[in-house]
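Residue numbers start from 1 in every chain, and the chains themselves are labelled A, B, ... in the order their sequence lines are given, proteins ahead of strands.
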Number of protein chains: 2
Amino acid sequence: MKDDRLSAQAPTTVTDVLNHLEASSLRLPKRLKQCAEFTRDNFHLVAVSTVSEMANASGVAPSVYVRFCQSLGFSGYSEMQTLFRAQYADQRPDYEARIAALRKEGGVETGKLMGDFIEAGHKSLVSLTNMEMSEALDRTAQGLSKARTIHLVGLRRAFCIVTNLSYLLDKLGVSSTLHFGSGILHSSNSILEDDAMFAVTYSPFSEETLRFAEEVHKKGVPVFGLSDSFACPLKDTSQEMLIAREDEVAGFRALTASISLTTALAVAIKAAQKQC
Amino acid sequence: MKDDRLSAQAPTTVTDVLNHLEASSLRLPKRLKQCAEFTRDNFHLVAVSTVSEMANASGVAPSVYVRFCQSLGFSGYSEMQTLFRAQYADQRPDYEARIAALRKEGGVETGKLMGDFIEAGHKSLVSLTNMEMSEALDRTAQGLSKARTIHLVGLRRAFCIVTNLSYLLDKLGVSSTLHFGSGILHSSNSILEDDAMFAVTYSPFSEETLRFAEEVHKKGVPVFGLSDSFACPLKDTSQEMLIAREDEVAGFRALTASISLTTALAVAIKAAQKQC
DNA sequence: GAGTAAATGGAATATTTTTTCCATTATTCG
DNA sequence: CGAATAATGGAAAAAATATTCCATTTACTC
């Protein structure tokens with residue numbers, strides 16, 4: 001608004017928009033400021049909301065929200081929304097065009113790669129969204145919260161997940177033990193009856209993890225599992241099974257859904273402990 | 001279509017829809033099958049696309065796509081889209097209502113928690129989407145691909161990320177060393193001039209990681225950094241800096257964006273090596 | 001404190017999007 | 001092979017959504 005040269009041309013990336021909001025929100029009039037603040041804090045809603053929804057949520061009239069978009073340099077809400085929607089779409093024509101330059105300079109088309117992984121991440125998160133999993137997470141948290149110590153097991157790809165869980169539980173003051181390295185099976189003596197186990201394994205499932213879980217299960221210790229598929233044999237030894245289906249890019253799967261799920265799990269365990 | 005009782009009432013979760021698609025897609029007529037298949041593979045697009053877009057992408061007329069939605073039990077496309085959009089929105093009225101039951105039974109409101117982390121995940125991924133980061137990732141991959149061995153450093157929260165990267169690089173046949181535990185500083189003798197370092201630290205930044213990176217940098221070894229903020233002191237010692245801003249839920253941050261970014265990085269490094 | 005400029009909200013309009021309808025084409029079954 | 005049923009695509013109608021316009025309010029300047 002202050003600088004017409006800047007606002008005359010629309011931002012070309014989401015980050016541009018956010019930076020712009022950060023910079024200009026101070027000297028904006030009341031209602032436009034409300035738009036700027038709400039949008040800054042909830043920018044992920046632009047792609048899936050109508051102007052009216054954004055305007056209501058910001059506490060302003062739809063016409064004001066449109067004017068807000070225009071003050072950012074867009075022709076209106078639709079144009080801004082298109083930018084925010086672009087990242088979800090397979091076809092990113094604009095994006096592709098801009099990447100072309102990179103490719104010519106001998107780049108490895110990394111931009112496309114990152115876009116693909118981001119898209120896969122969104123997909124993984126969407127498929128994580130469902131009631132049954134919420135309820136399973138709740139029961140898992142309840143079960144694990146009763147344990148004296150939670151034994152964390154996961155090898156190879158899954159190791160990163162239990163590593164993260166171990167850090168979080170430690171920070172939250174929940175007692176846990178991280179099992180790793182070869183010969184984890186031999187450590188089953190250290191697991192007592194009032195403990196619990198959280199085992200993670202992805203397809204192709206780790207024999208070692210499965211056998212460890214089985215052994216512990218036979219001792220009467222409750223086992224809780226996380227995997228990427230319902231076909232995981234952990235379901236036979238687990239009291240409760242969490243599934244995080246991860247979308248793949250060129251044969252590689254980022255653990256996006258798993259890390260969100262287990263972070264939520266850590267907080268839920270703590271919450272469940274507090275309640276007792 | 002075959003069973004009117006089933007299709008008469010709309011699915012209430014995204015997973016319901018996907019399961020339904022899985023089950024019924026075989027015996028569907030040609031065009032509806034196209035809709036089912038495209039939607040199954042690209043369900044994340046429903047929230048951000050118009051019928052025409054979905055129809056075009058499926059290779060059918062808009063009217064056919066609407067009929068497809070109706071065959072799933074929805075009144076039309078709009079109703080189906082509302083379901084897919086719900087998970088992005090702060091206000092999940094329907095969802096909340098269903099969770100209420102859980103809460104009463106003494107649950108810890110875990111369902112809400114998981115929803116919050118999923119939403120935060122989407123947000124983190126959205127803010128990761130921008131050109132500059134794509135280009136920085138590309139340069140980082142190029143730089144690291146030239147190293148004899150990549151030294152991975154990250155403590156506490158960041159450890160999970162380097163752990164994952166270590167696994168991926170190993171699987172890809174790229175030489176790397178994972179540094180961990182106390183006294184990592186002493187291991188700097190093992191880092192040679194034609195190596196490179198990838199250091200990860202999140203706010204509040206780990207002194208140990210920063211000093212390690214600095215020391216290695218002084219030896220003339222290229223350092224590449226990943227953090228959650230531009231304020232990270234790693235930028236002074238790093239040749240290139242990657243930023244993954246993570247959204248928080250109740251003071252906790254899931255490493256959603258970081259894990260997507262580093263998974264893409266691993267693949268990009270391999271791609272860069274192949275090219276030389 | 002009056003006059004001017006900017007900001008605002010609601011209503012009217014324009015545009016886009018969804019949905020229904022129907023004529024045409026394909027498929028199934030006798 | 002022909003009749004009946006189902007499926008399809010295009011176009012018209014309906015609905016929802018975005019945008020503009022303007023009267024009113026608010027803030028600022030002198």
Looking at every heavy atom in both B:Ala141 and B:Ala268, which two are closest together, and how far apart are they? CB-CB, 3.6 Å
Side chain to side chain donor-acceptor pair (under 3.5 Å) between A:Tyr65 and A:Ser52, intermediate numbers included: CA-CA 8 Å; A:Tyr65 201 90; A:Ser52 309; over 6 Å; no
Can you find a heavy atom in the side chain of A:Val60 that is under 4.5 Å from one in the side chain of A:Phe68? no
Please give, in whole Å, the distance from C:dG9 C1' to A:Gln34 CD? 13 Å
May I have the distance from A:Met80 (atom CE) to D:dT19 (atom P), rounded to whole angstrom? 11 Å
Separation of C:dG9 atom C1' from A:Asn56 atom CG, nearest Å, is 12 Å
Nucleotides 21-30 of chain D: protein proximity per nucleotide (B base, S sugar-phosphate only, - neither; heavy atom, under 4.0 Å): B---------
Please report the shortest heavy-atom distance between B:Gln81 and B:Val46, naming the atom on each side. NE2-O, 3.2 Å
Below 3.5 Å between N/O atoms, which protein atoms pair up with nucleotides 13-18 of chain C? Just atom names and distances, please.
from: C:dT18; atom 1: OP2; to: B:Val51; atom 2: N; distance (Å): 2.7
from: C:dT18; atom 1: O3'; to: B:Ser78; atom 2: OG; distance (Å): 3.1

Starting from P on C:dT20, measure out to CZ on B:Phe68 and report it in whole angstrom. 16 Å
Taking the side chain of A:Ala61 as its heavy atoms from C-beta onward, which of C:dT8, C:dT20, C:dG9 lies nearest to it? C:dG9
B:Glu79 has an atom CD; how far is it from atom C1' of D:dA16, in whole Å? 15 Å
For B:Phe230, is the NZ or CZ atom of B:Lys235 found under 6.0 angstrom from the centre of its six-membered ring and inside 45 degrees of the ring axis? no
Kindly assign one of parallel, tilted or perpendicular to the pair A:Tyr88 and B:Tyr88, based on the angle between their ring planes and the thresholds 30° and 60°. perpendicular
Hey, are B:Asp228 and B:Arg157 close enough for a salt bridge, meaning a charged N less than 4.0 Å from a carboxylate O? yes
Given the rule in the side-chain contact (heavy atoms from CB on, under 4.5 Å) test, do A:Phe252 and B:Leu168 qualify, once you have shown the distances and angles that lead to the verdict? CA-CA 9 Å; A:Phe252 290 87; B:Leu168 287 171; 4.2 Å; yes
Does a donor on one side chain and an acceptor on the other come within less than 3.5 Å for B:Tyr77 and B:Thr50? no
Report the distance from atom CD of A:Gln70 to atom P of D:dT19, rounded to the nearest whole Å. 7 Å
For A:Glu246 and A:Ser258, which I'm curious about, is there any donor-acceptor pair between the side chains at under 3.5 Å? yes
Quick one: B:Arg31 CZ to D:dA7 P, roughly how many Å, whole number? 14 Å
List the atom of A:His122, the atom of B:Leu125, and the distance in Å for their closest heavy-atom pair. N-CD1, 3.5 Å
State, to the nearest 10°, the angle formed by the axis through the first five base pairs of the helix from C:dG1-D:dC30 to C:dG30-D:dC1 and the axis through its last five. 30°
